[in-house]
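For ligands, and for the atoms within them, numbers begin at 1 and follow the listed sequence. Side chains included, hydrogens not; waters and symmetry mates left out as well; all remaining heavy atoms used. Along the sequence shown, residues carry numbers from 1.
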Amino acid sequence: MSSNIFIFDTTLRDGTQGEGISLSADDKLKIAKKLDQLGVHYIEGGNPGSNGKDIEFFQRVKSLNLNAKLTAFGSTRRKNSVAEHDANLLKIVESGVPAATLVGKAWDFHVHIALQTSLEENLAMIQESFAFLKRNSMEAMYDAEHFFDGYKNNPEYALAALKAAKDGGADWLVLCDTNGGTMPNEIAEIVKRVKAELDMPIGIHTHNDCELAVANTLAAVGAGATQVQGTINGYGERCGNANLCSIIPNLQLKMNYDVLPADQLSMLTNTARYISEIANVHMPVGQPYVGNAAFAHKGGIHVSAIMKDSKTYEHIVPELVGNKQRVLVSELAGQSNIISKAAVLGLNVNTNNEKTKQIMDHIKQLEHEGYQFEAADASLELLLRKAFGDWKPAFQVESYKVNTERKQEHIVSEAVVKINIDGQQIYTVAEGNGPVNALDTALRKALAQQYPDIEHVYLTDYKVRVIDETDATAAKVRVLVESTGKQNSWNTVGLSGNVIDASWAAIVDSFHYALLSLQKVNVETPNQASQAQDYVGLTNI
Ligand SMILES: CC(=O)SCCNC(=O)CCNC(=O)[C@H](O)C(C)(C)COP(=O)(O)OP(=O)(O)OC[C@H]1O[C@@H](n2cnc3c(N)ncnc32)[C@H](O)[C@@H]1OP(=O)(O)O
Ligand SMILES: CC(=O)C(=O)O
C-alpha cells in the first residue's frame, strides 16, 4: 500500500447544496453514523452560521461518539470586520467540534466582483480567520475557493491566498475547482507547483461540471494531494461534487492507496443506497461500483463468458465494494443467461438443451411483443419455474370486473374478482381510489381468506408505458408494478391492448410471486419449510 489518504466527506454540507436535497437534523445524524461505520476520516456536518438545523445537528452529534473527526463549515470573516466579532466564526467555535473548514477567495476576480473588496483585505480576512480558529484550538482547513481558476488568472495572488492561510496557522490547504471547469492535466500540474512552493498538506475539492470531478481528484492525488473531499453518490451544488463512491475504490483497488480497511470498503454499496434512500434521490442503475447494474450482465456473449470466469466482463470482484453480480434476461439473451438465472433460482438446468432454447425463444418472442423482463424479475421467475415444471399456481383467476363512477366531487372505483383456490370459488368486491387500487384490494381480500400473510403485500410503484407508438390505435400498454412485502420488494409486468388488463396481469403475477413462499411454508413441515425458503431465495416476502 502507498501512503494514507484522508477521506473528507461533505455530503452533509456541499451535498445538501444539490438541487432537491434537503436533510433534517435526524437525517443528518443517521447519515453521519453510516459514514462513520464506512470509515471516512472527516465528516463535514454543515454550516452552524447558516441555520438552526445545522446547529441542532452539531449539538446532538456529540452523543454518537463518532470515530470520524467532525468539521464545521463557514467562510472567512466578513470584510472590514474583526474575526472575534464575526457571527459566523463564533458559531463555528460554539459548535464545539474539533475541526473547521473555512472557504476563502483565491481568485482575484472573485475578490473584486463577489466580495467587492481589495486584494489586501481578502488576504487579511484569510489570515486573521485562521489565526482565530487556531486560538480556539481547532484543526483548520482552508478551502481555497476557485483556486485553479485563480491560479490560471493570477498565480502569485492564488499562492498569496494559500500563504495567508498558512501564516494564520491552517493545517490543510484544500485546492478547490469550484466551477468544475478544470481539466485533469491542469489539476495535476497546478497541484505539483503548489506542493513545490509550499510545504503543507494539500487537499482537493472538485465539482463535476465537466464530468471530471473523479478524474480531477485522482489526478490531484497522483500529484501529491493527501486529503480528498467529496460526497456520497456525488451529491452537491449544480452538477455535484466528486463522488466518493467512485473515488474510494479507485484509490484503493486501482491505485493501491491505503484508504479504508477491506471490511469497511465492502460497506460502500450499502452506504450509497442507504444515503440515497434518506436523501430521497433515486440512484442511477449504472452508477459505477455501487449501482444496481454496475455488475449486471445482459448480452448473451457476456453472460456466456462470465459463467466461465467473471473476470471476462468484470473489472473487480463486486463483493469487494459490497455489490453483487446480476444476470439479466431479455431479447439480447443467449442460453447462458437462462441457465445462469435458473441456477440462481435453484432450478436444475445445467446444460444447453432444447428446452432452454425453447424458453429463450419464448422470452425473446414475448419481449418482441412488448414484455420487458429485465425490470420484472418476479414475472421472469414465474415464467422459468413454469417452464421447468417447478410451479403450481396457488390460485386461478376466473374473472374480474371494474367500474369507475363519479358522484359529484367523488370518484370511486369498484372491482369484483372471482378466483379459484383448490376447487373452491372465492368472490370478492372492493372499492378503491382508482381501478387498479380496487382490483389490487379485491384480489388481496380474496387471497387473504387462505393466505392471511398476503395482507403484508402492497403495491408500491406503478409505471405505464405505451409501446408500438407508430400504430397508436393498435398500441399496447406495458405496466410494471413494484410490490413490497415485509422484507423484500419485487417487480412484475403485464401487457395488453387495455391498460386495466395489463395492470391486472401485473398484479396477478405479483400475488403469484408472493404466494411462492407462503405456499411452500403452508404445505411443508417447519424444517422443510425453512429449506424451501432458502431454495426459493428472493421470494420470502
Ligand atoms: C463554494 C461554496 O460552496 S461556498 C458555500 C456556499 N454555501 C452556502 O452559501 C450555504 C450557506 N449560506 C448561508 O446560509 C448564507 O449565505 C449565509 C448565512 C452564509 C450568509 O447569508 P447573508 O448574510 O444573507 O449573505 P448572502 O448569502 O446574501 O451573501 C453572501 C455574503 O457573504 C460574502 N462572502 C462570500 N464569500 C465570502 C468569504 N469567503 N469570506 C467572507 N465573506 C464572503 C459575500 O460577499 C456576501 O456579502 P454581501 O452581503 O456584503 O454582498
Ligand atoms: C468550498 C467549496 O465548496 C467549493 O469551493 O466548491
Engineer: Return the minimal non-hydrogen interatomic distance between Thr178 and His146, and the atom names on each side.
Structural biologist: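 So the minimum-distance heavy-atom pair works out to OG1-N, 2.7 Å.
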Engineer: Are the side chains of Leu12 and Thr231 in contact, using a 4.5 Å heavy-atom criterion?
Structural biologist: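 A side-chain contact under 4.5 Å is absent here.
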Engineer: Does Thr271 have any side chain to side chain donor-acceptor pair (under 3.5 Å) partners at least two apart in sequence or in another chain, and if so, which?
Structural biologist: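 Here no residue qualifies.
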Engineer: Ligand 1: which residues have a non-hydrogen atom closer than 4.0 Å?
Structural biologist: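 Answer by chain and number: Arg13, Gln17, Asn47, Gly49, Ser50, Phe73, Ser75, Thr76, Arg77, Arg78, Val103, Gly104, Lys105, Ala114, Leu115, Met125, Glu145, Thr178.
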Engineer: Relative to Tyr274, does Lys34 satisfy both conditions: NZ or CZ under 6.0 angstrom from the six-membered ring centre, and within 45 degrees of the ring's axis?
Structural biologist: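 Flagged: Lys34 positioned over aromatic ring of Tyr274.
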Engineer: Can you check side chain to side chain contact (heavy atoms under 4.5 Å, CB included) on His297 and Gln325, steps first, answer last?
Structural biologist: CA-CA 8 Å; His297 304 282; Gln325 182 183 88; 3.8 Å; yes
Engineer: Just list the side-chain donor-acceptor pairs under 3.5 Å for residues 189-196, sequence neighbours left out, or say none.
Structural biologist:
from: Glu189; atom 1: OE2; to: Arg193; atom 2: NH2; distance (Å): 2.6
from: Arg193; atom 1: NH1; to: Tyr151; atom 2: OH; distance (Å): 3.3

Engineer: Keeping the roles fixed (side chain from Lys79, backbone from Asn122), state whether a donor-acceptor pair exists under 3.5 Å.
Structural biologist: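 No; judged by distance alone, with no hydrogens or angles, the pair does not exist.
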Engineer: Indicate yes or no: at least one non-hydrogen side-chain atom of Glu186 is less than 4.5 angstrom from one of Phe148.
Structural biologist: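 With C-beta onward as the side chain, the pair stays apart.
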Engineer: Under a 3.5 Å threshold, I'd like every N/O contact between ligand 2 and protein atoms, with atom names and distance.
Structural biologist:
from: ligand 2; atom 1: 3 (O); to: Arg13; atom 2: NH1; distance (Å): 3.4
from: ligand 2; atom 1: 3 (O); to: Arg13; atom 2: NH2; distance (Å): 3.0
from: ligand 2; atom 1: 3 (O); to: Asp14; atom 2: OD2; distance (Å): 3.0
from: ligand 2; atom 1: 3 (O); to: His205; atom 2: NE2; distance (Å): 3.1
from: ligand 2; atom 1: 5 (O); to: Thr178; atom 2: OG1; distance (Å): 2.7
from: ligand 2; atom 1: 6 (O); to: His205; atom 2: NE2; distance (Å): 3.2
from: ligand 2; atom 1: 6 (O); to: His207; atom 2: NE2; distance (Å): 3.0

Engineer: Assess the residue pair His315 and Tyr289 against the criterion (ring-ring contact (aromatic ring centres under 6.0 Å, His included)); give the C-alpha distance rounded to whole Å, side-chain angles, the decisive distance to 0.1 Å, and a yes or no.
Structural biologist: CA-CA 10 Å; His315 67 116; Tyr289 287 105; 5.2 Å; yes
